[in-house]
There are 2 protein chains.
Amino acid sequence: MQQTTTTSFRKLCAEHGIAVTHQRQVLYEVMHGMEGHPSPEEVYAKVKKKVPAISLATVYKNIHLFVESGIFRKMSMHHGSVRVEMNSEAHHHMVCSRCKAITDIGEEELGLAPSRNKLPGGFLVERYSVDVIGLCEKCQQA
Amino acid sequence: MQQTTTTSFRKLCAEHGIAVTHQRQVLYEVMHGMEGHPSPEEVYAKVKKKVPAISLATVYKNIHLFVESGIFRKMSMHHGSVRVEMNSEAHHHMVCSRCKAITDIGEEELGLAPSRNKLPGGFLVERYSVDVIGLCEKCQQA
DNA sequence: TAAAAGATGATAAAAGTTATCCTTCAATAA
DNA sequence: TTATTGAAGGATAACTTTTATCATCTTTTA
């Protein structure tokens, strides 16, 4: 069992061209086993139980590495400072995955059709906030 | 002209039950006139040109106030710490506007139909990231 | 197995945001 | 219009999150 996990993590690292370290493997396994969208601090707390000497910096560095390698994905493109909408029209955003440029796009222009207003778990829809992730024209050319 | 702006800002404040201050008005006008999704620091820099003595704290306090009053809207519900996806299925998020709880929802469950893969400005769509903002069942009852 | 490249850990520093506290201003009522 | 009172502003400390630095240690690979 342990052998299997180790083997598959080695393979994963080989595929993404990153070195296999103990910290990295434990971090990966812990994150993989977590529900929802834990913060780096939450991940750190869990990993520390298995590797008490691990540094928070290592957790951050490897979360970034995993995201950059495509092993995990960032939940949101917006996690820096608070950003406010000044465009009061109903609109969404086109976010360039390379240069991070954000451009507004109107609801109709996007051509998106929200259907239900009650979702699983009884969730009541107020509005949609859509980020279209892709490449802006400039970055397509580059 | 100035009179008109002032008058309408007074009305806006009255509607939202907040006091009219000089800083608040300039901040509102500056933000209203800005393109895109400026950060508090960027707003601060611009406001400072008109009210040099303004404090960064005032800018933050009033951005929050404007958002809480519904005068402006936060661009994203996710701007705290970095969050990572461990759910590798194609999915989106239901975000409770009251308790901020985030629940995953599958693409089909959401019943969303992305249509085009080329958008205005030549933007090339890679994927959609949808946040459904609304009320979870618990918060509907409360 | 040794050298080179890369990763880790400790910690300082930066960035972004909030809290504190005192001063000043705006709303309201006399 | 002015006095009063509660709210808002300004300066700055503190806190949170994240990144940078650098010496040491571990992987990789030749």
Side-chain angles (χ1 to χ4, degrees), chain A residues 6-7 9-28 30 37-45 47-69 71-72 74-84 100, chain B residues 6-7 9-28 30-31 37-69 71-72 74-84 100:
Chain A
T6 305
T7 305
F9 184 69
R10 295 200 87 88
K11 214 166 89 181
L12 192 68
C13 288
E15 279 166 17
H16 291 91
I18 66 179
V20 179
T21 69
H22 181 226
Q23 290 86 336
R24 213 163 263 178
Q25 168 153 14
V26 173
L27 184 63
Y28 173 80
V30 164
H37 312 88
S39 67
E41 279 287 348
E42 286 165 342
V43 172
Y44 176 56
V47 174
K48 239 184 162 198
K49 288 180 187 163
K50 301 195 175 180
V51 187
I54 201 169
S55 161
L56 179 59
T58 301
V59 172
Y60 269 98
K61 281 184 266 197
N62 283 303
I63 288 177
H64 281 129
L65 183 72
F66 288 157
V67 168
E68 278 155 31
S69 317
I71 293 174
F72 290 133
K74 271 198 287 193
M75 174 178 161
S76 162
M77 308 298 274
H78 328 288
H79 15 59
S81 53
V82 173
R83 302 285 165 151
V84 174
K100 314 299 180 207
Chain B
T6 304
T7 305
F9 184 69
R10 297 199 87 90
K11 214 166 91 179
L12 191 68
C13 287
E15 280 166 18
H16 291 91
I18 66 177
V20 179
T21 69
H22 181 226
Q23 289 87 336
R24 213 163 263 178
Q25 167 152 15
V26 173
L27 184 64
Y28 172 80
V30 164
M31 289 181 76
H37 312 89
S39 67
E41 279 288 348
E42 288 165 342
V43 172
Y44 176 57
K46 268 215 155 184
V47 173
K48 238 184 160 195
K49 288 179 187 166
K50 300 196 175 180
V51 187
I54 201 168
S55 162
L56 179 59
T58 300
V59 171
Y60 270 98
K61 280 184 267 196
N62 283 303
I63 288 177
H64 283 336
L65 182 72
F66 288 157
V67 168
E68 279 154 31
S69 317
I71 293 174
F72 289 133
K74 270 197 289 192
M75 174 179 160
S76 162
M77 308 298 274
H78 328 287
H79 15 58
S81 53
V82 173
R83 302 286 165 150
V84 174
K100 314 299 181 207

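So you know, we letter chains A, B, ... as the sequences are listed, proteins then strands, and number each from 1.
Note on T58(A): a side-chain N or O is less than 4.0 Å away from OP1 or OP2 of dG9(C). Proximity of T21(A) to the phosphate of dG6(C): no side-chain N or O atom is located under 4.0 Å from OP1 or OP2.
Each of R24(B) and Q23(A) was assigned the nucleotide of DNA chain D with the nearest heavy atom; the assignment lying further toward the 5' end belongs to R24(B). If S55(B) and A19(A) are placed on DNA chain D by their nearest nucleotide, the residue sitting closer to the 5' end is S55(B).
Looking only at side-chain heavy atoms (C-beta outward), V67(B) and V82(A) stay at 4.5 Å or farther from each other.
Look at OH on Y44(A): it is 14 Å from P on dT8(C), rounded to the nearest Å. dA5(C) atom C1' lies 15 Å from atom CG of L65(A), rounded to whole Å.
Applying the salt bridge (Lys or Arg N to Asp or Glu O under 4.0 Å) test to E42(B) and every residue at least two apart in sequence or in another chain returns R83(A). Partners of H64(B) according to the side chain to side chain contact (heavy atoms under 4.5 Å, CB included) rule, which considers only residues two or more places apart in sequence or in another chain, are E68(B). Remark: K46(B) pairs with V30(B), M34(B) by the side chain to side chain contact (heavy atoms under 4.5 Å, CB included) rule, at least two apart or across chains.
Using bins of under 30°, 30° to 60° and over 60° for the plane-to-plane angle, the ring pair F9(B)/Y28(B) lands in the tilted bin.
The span of DNA chain D lying next to chain B, judged by atoms under 4.0 Å from heavy atoms, is bounded 5' to 3' by dA8(D) to dT18(D).
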Listed pairs under 3.5 Å, donor-acceptor, residues 48-63 of chain A side chains, sequence neighbours left out:
| from | atom 1 | to | atom 2 | distance (Å) |
| --- | --- | --- | --- | --- |
| K48(A) | NZ | Y44(A) | OH | 3.4 |
| S55(A) | OG | A57(A) | N | 3.1 |
| N62(A) | OD1 | R24(A) | NE | 2.8 |
| N62(A) | OD1 | R24(A) | NH2 | 3.3 |
| N62(A) | ND2 | T58(A) | O | 3.0 |

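Heavy-atom minimum distance, S39(B) versus S81(A): CB-OG, 3.4 Å.
Here OG of S76(B) is found 8.5 Å from NZ of K74(B). Values are rounded to the nearest 0.5 Å.
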query = What string of B, S and - do you get for nucleotides 12-24 of chain C 5' to 3' if you count protein non-hydrogen atoms under 4.0 Å?
reply = ----SBBB-----

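A rotation axis mapping the C1' atoms of four pairs onto the next four is fitted at both ends of the helix from dT1(C)-dA30(D) to dA30(C)-dT1(D) over five pairs, and the angle between these axes is 40° to 10 degrees.
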